[in-house]
Every structure is written in C-alpha cells, then in structure tokens.
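Here the structure is a predicted model, which means the values were calculated and not measured.
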Amino acid sequence: MAHDGEHHSALPYFLVWAALLILTVTTYVTGRMHLGTWALPLAMIIAVTKALLVILFFMHLWEQKGANRIVIATSFVFVALIISLTVADVATRFPLATPAGAPFGDDVPAQLEEPAPEYQPPAGKIGEPPRGVPEPK
C-alpha cells in the first residue's frame, strides 16, 4: 500500500502552536496592563495574527491555491469593514452616549452641578406662600 500524499513534518505545526501560546500569554498580560485607548487595537492585532496562523497552517490554506484564498481574503475584508464601521460609529458619538468603560472615548461625563439658587423651586410648607414671595394683598 503506497501512499501518494506528501509527508509533512511536525516541526511547522509545533512552531505555530508555540507562537499561538506566546500570543495567548501576550493577550493575557496586555489585558491586565490597562492600556487605555491602545487596548482595543492591540487586542485586535493579536487576534487577527492568531486567526491567520490557524487558517494558514492548521487549515492548510498555505498549501491551497486559487478560489480558497480568494474566499478567505474576501471574508477578512468584510469582517474588517464591519468592525471598523462599528468602532467608527461608537467612537464618534456624543460623549454622554458612549457607555461607561468603553475602550475609547475615555471622557468622563461631567457631574451635574447644583442649579443656581434662582432656578431652585421655592421651599416652604404646603399651603403657605413660598419664602421670599410677598403675600398677595
């Protein structure tokens, strides 16, 4: 029984696996660093790199030709388009509309100040004229 298939070495798979482990540890470490506005772009770069490694080596796209590469490239373009449009929408919102804890737009909404005394409703007991208002004659 002779096999006509190519024999693959395990070394590339081991190296890709090691790279995936390193990138996973990098994701964990950078996630605990609280990088502010850089957290989302860095996480996306690491995630896309890991996805490309899995697609190219474990799904054997590196060996494929033609249509398979076009399908994967087109899907990456559409995912990038959807993510970039979503991030652009949320990042350009009015600051008070951005949810607290969002990785961008770190503006903390201003605390509402107490209204000026002239705008406060007059205080007093029910049935009595408000303070500072003369009684009708």
Colleague: Return the minimal non-hydrogen interatomic distance between Thr74 and Ile70, and the atom names on each side.
Modeller: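 Smallest interatomic distance, heavy atoms only, reads OG1-O, 2.7 Å.
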Colleague: With clusters defined by side-chain heavy atoms of hydrophobic residues (ILVMFWY) lying less than 4.5 Å apart, directly or transitively, does Ile22 cluster with Trp17?
Modeller: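 Looking at the clustering, Ile22 is in a separate group from Trp17.
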Colleague: What are the two closest heavy atoms between Arg69 and Trp62, and how far apart are they?
Modeller: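 Heavy atoms only, the tightest pair is NH2-O, 2.8 Å.
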Colleague: For the residue pair Leu23 and Leu53, establish whether any side-chain heavy-atom pair is separated by less than 4.5 Å.
Modeller: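 Yes, close enough: below the 4.5 Å cut-off.
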Colleague: Looking at every non-hydrogen atom in both residues, tell me the closest pair between Phe57 and Tyr13 and how far apart they are.
Modeller: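 Distance-wise, the nearest heavy atoms are O-CE2, 3.6 Å.
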Colleague: Within the structure provided, determine whether Ile55 and Phe76 are in side-chain contact (heavy-atom separation under 4.5 Å).
Modeller: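 Yes, their side chains come closer than 4.5 Å.
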Colleague: Check whether any side-chain heavy atom of Phe58 sits under 4.5 Å from a side-chain heavy atom of Leu20, and report yes or no.
Modeller: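 Phe58 reaches Leu20 side chain to side chain.
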Colleague: Side-chain contact test, heavy atoms from C-beta onward, threshold under 4.5 Å: evaluate it for Val48 versus Leu52 and give yes or no.
Modeller: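 Yes, their side chains come closer than 4.5 Å.
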Colleague: Are Met33 and Trp38 joined in one hydrophobic group, where the rule is that I, L, V, M, F, W and Y side chains link up if heavy atoms are under 4.5 Å apart?
Modeller: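 Yes: a chain of side-chain contacts under 4.5 Å links Met33 to Trp38.
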Colleague: Distance check, rounded to the nearest 0.5 Å: Ser84 atom OG versus Asp89 atom CG?
Modeller: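 Answer rounded to 0.5 Å: 11.5 Å.
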Colleague: Kindly work out whether a path of hydrophobic side-chain contacts (I/L/V/M/F/W/Y, heavy atoms less than 4.5 Å apart) joins Leu81 to Met44.
Modeller: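 No, it is not one cluster - the side chains of Leu81 and Met44 are not joined through contacts under 4.5 Å.
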Colleague: So if you build clusters from Ile, Leu, Val, Met, Phe, Trp, Tyr with side-chain heavy-atom gaps below 4.5 Å, do Val79 and Ile45 land together?
Modeller: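 In one cluster: no.
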Colleague: Atom OG1 of Thr24 and atom CD1 of Ile46: how far apart are they, to the nearest 0.5 Å?
Modeller: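 Reported to 0.5 Å precision, the distance equals 9.0 Å.
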Colleague: Ile83 and Val77: same hydrophobic cluster, using ILVMFWY side-chain contacts below 4.5 Å?
Modeller: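 No, it is not one cluster - the side chains of Ile83 and Val77 are not joined through contacts under 4.5 Å.
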